[in-house]
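The structure under discussion appears below in the form of structure tokens.
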Amino acid sequence: MDLNIKGRWALVCAASKGLGKGCAQALVAEGVNVVITARGSEALGATAQALRQLNPAVTVTAVAGDITTSAGRAAALAAAPRFDILVNNAGGPPPGDFRDWSREDWIAALDANMLTAIELIKATVDGMAERGFGRVVNITSGAVKAPIDVLGLSNGARSGLTGFIAGIARQKRIAERNVTINNLLPGLFDTDRLRQSTDAAAKAQGKSYDAALEAKRQLIPAGRFGSPKEFGAFCALLCSAHAGYFTGQNVLLDGGAYPGTF
Ligand code: NAP
């Protein structure tokens, strides 16, 4: 199926690796021009180059910077004439015990996993509405539906974003202008983030890395970790011209790991 978004402009945040990269790949394959960001310029440059090879017909612009800062966001927003698609993403917060977290830890988590997405939506959504097309996808986490005890910073900050999105996605001046805002909730995907969290879990539980990884895999009915490629494909589908009636939703991509009926 042609997703009918060829020639659109997308900002894909935190996209040199992992899930953000998967989203950028899927959009570029559909003919979407992309601005991608990450802090480390080397991996970002390599990803930009690979995206250009994937589809030489599109414009790929790499903007190195921290998307959780106002300077990082301003640089990303200035890199294209307009944005029709926004994929919000940033690194996840560290694991730990809430007894050890300071106010600064909480502010950092809120900046990365709630306020940055809100600022970028604020900067782009009214232009999308004026032009009559917009797609916003926020990468959140399965932890929004089923909290993960050691990821309290993520559980809290991402739930704040989820509540905010539920409200604004339904604003008439957004929804009736063919602008949709949805959240994609990853379960366990095969990325650096999974490897880092598995390493931390192995150390905390006195297990080997392989044993900790296998314990995680056992929790997934599909019997495997998700791939950034399939995550990106789903993101592109939500960004497609065909998805205009789908808004304000939380879509869990977790191989069946969440055990609830709804
Ligand atoms: P990943 O493989 O570690 O990739 C993270 C990407 O984000 C990298 O390109 C990184 O590049 C960039 N990044 C991180 N912080 C940034 C910042 N402040 N500004 C700009 N770019 C930044 O992580 P992932 O697995 O794709 O995870 C993406 C998001 O999904 C995270 O919030 C994660 O917590 C969440 N999530 C992942 C899973 C999973 O199983 N993988 C599950 C649930 C939720 P630089 O480091 O160079 O900036």
Side-chain angles (χ1 to χ4, degrees), residues 9-28 32 34-40 43-44 47-48 51 60-70 72-73 75-77 79-80 83-94 108-125 134-144 151 153-154 157-162 164-165 180-194 196-197 226-239 249-254:
W9 282 89
L11 170 55
V12 187
C13 304
S16 66
K17 299 176 188 170
L19 304 180
K21 181 178 174 181
C23 295
Q25 283 170 325
L27 290 169
V28 162
V32 174
V34 295
V35 173
I36 57 169
T37 84
R39 292 163 303 178
L44 184 68
T47 296
L51 291 172
V60 176
T61 305
V63 178
D66 185 340
I67 200 69
T68 71
T69 64
S70 48
R73 289 189 291 276
L77 289 166
F83 287 109
D84 311 301
I85 294 168
L86 167 63
V87 180
N88 276 314
N89 186 30
L110 290 169
D111 266 341
N113 300 122
M114 180 181 175
L115 301 176
T116 290
I118 293 172
E119 287 291 341
L120 289 171
I121 290 169
K122 186 174 151 190
T124 54
V125 79
R135 300 286 183 262
V136 179
V137 174
N138 305 299
I139 300 179
T140 64
S141 171
V144 169
L151 288 179
L153 291 167
S154 173
R158 296 189 203 273
S159 294
L161 178 64
T162 303
F164 170 78
I165 295 299
T180 68
I181 313 181
N182 294 291
N183 304 317
L184 260 185
L185 285 55
L188 291 170
F189 278 78
D190 186 9
T191 67
D192 284 358
R193 169 83 175 167
L194 178 75
Q196 284 153 12
S197 66
S227 73
K229 189 174 180 202
E230 63 193 333
F231 188 91
F234 216 93
C235 175
L237 186 64
L238 291 184
C239 296
Q249 302 303 308
N250 289 283
V251 183
L252 195 55
L253 284 178
D254 70 348

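Because the structure is a prediction, the values reported are computed rather than measured. Quick note: numbers below take in every heavy atom, side chains included, and nothing from hydrogens, waters or symmetry partners.
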Given 3.5 Å as the limit, does a donor-acceptor pair link the side chain of Arg73 with the main chain of Ile67, or not? yes
By side-chain hydrogen bond (donor to acceptor under 3.5 Å, both in side chains), which residues pair with Asn183, not counting sequence neighbours? Asn138, Asn250
Listed once per pair and sorted, the side chain to side chain donor-acceptor pair (under 3.5 Å) pairs that draw on residues 226-237, sequence neighbours left out: Arg224-Glu230
Residues at least two apart in sequence or cross-chain that pass side chain to side chain contact (heavy atoms under 4.5 Å, CB included) with Thr61, listed by chain then number, are Val35, Thr59, Val63, Ala79
Which pairs, with at least one residue in residues 113-124 and sequence neighbours excluded, count as a salt bridge (charged side-chain N to carboxylate O under 4.0 Å, His left out)? none
At their closest point, which heavy atom of Ser141 faces which heavy atom of Leu185, and how far apart are they? O-CG, 3.4 Å
So, the side chain of Thr37 versus the backbone of Cys13: is there a donor-acceptor pair under 3.5 Å, distance only? no
Listed partners of Thr180 passing side-chain hydrogen bond (donor to acceptor under 3.5 Å, both in side chains), at least two apart: none
Would you say Leu153 and Pro94 make side-chain contact, with heavy atoms under 4.5 Å? yes
Can you name the residues that form a side chain to side chain contact (heavy atoms under 4.5 Å, CB included) with Ala14, not counting sequence neighbours? Asn89
Minimum-distance pair of heavy atoms, taken over all atoms of Asp254 and Gly187: CB-CA, 3.7 Å
Kindly give the heavy-atom pair with the smallest separation between Ala76 and Leu11, and that separation in Å. CB-CD1, 3.9 Å
Could you give the distance from OG1 (Thr124) to CZ (Phe83), rounded to the nearest 0.5 Å? 8.5 Å
Taking all non-hydrogen atoms of both residues into account, name the closest pair between Val87 and Cys235 and its distance. CG2-SG, 3.8 Å
Can you tell me which residue pairs pass the salt bridge (charged side-chain N to carboxylate O under 4.0 Å, His left out) test with a partner in residues 11-28, sequence neighbours excluded? Lys17-Asp192
What one should report as the nearest heavy-atom pair of Arg158 and Asn113 is NH1-ND2, 3.3 Å
Quick check on side-chain contact (heavy atoms from CB on, under 4.5 Å): which of Val12, Val125, Leu120 does Leu86 satisfy it with? Leu120
Sequence neighbours left out, what passes side chain to side chain contact (heavy atoms under 4.5 Å, CB included) with Ala64? Give chain and number order. Ser41, Leu44
For Phe231, what residues pass the ring pair (Phe, Tyr, Trp, His ring centres under 6.0 Å) criterion, not counting sequence neighbours? Phe189
What's the spacing between Ile118 CD1 and Leu110 CG if we round to 0.5 Å? 9.0 Å
How far does SG of Cys23 sit from CD1 of Ile139, to the nearest 0.5 angstrom? 4.0 Å
Rounded to the nearest 0.5 Å, how far does CG of Leu77 lie from OG of Ser70? 11.0 Å
The criterion is side chain to side chain contact (heavy atoms under 4.5 Å, CB included); which residues satisfy it with Asp84, sequence neighbours excluded? Arg8, Trp9, Arg82, Arg131, Phe133
Given Arg135, which of Leu27, Leu238, Ile181, Ile85 fulfils the side-chain contact (heavy atoms from CB on, under 4.5 Å) condition? Ile85
Might you point out which heavy atoms bring Gly18 and Pro228 nearest each other, and give the distance in Å? O-CB, 3.5 Å
How long is the straight-line distance from CG of Leu188 back to CG of Leu253, given to the nearest 0.5 Å? 12.0 Å
Residue list, side-chain hydrogen bond (donor to acceptor under 3.5 Å, both in side chains) with Gln249, at least two apart or on another chain: none
Taking side-chain hydrogen bond (donor to acceptor under 3.5 Å, both in side chains) as the definition, give me every residue that meets it alongside Thr68, ordered by chain and number, with sequence neighbours left out. Asp66
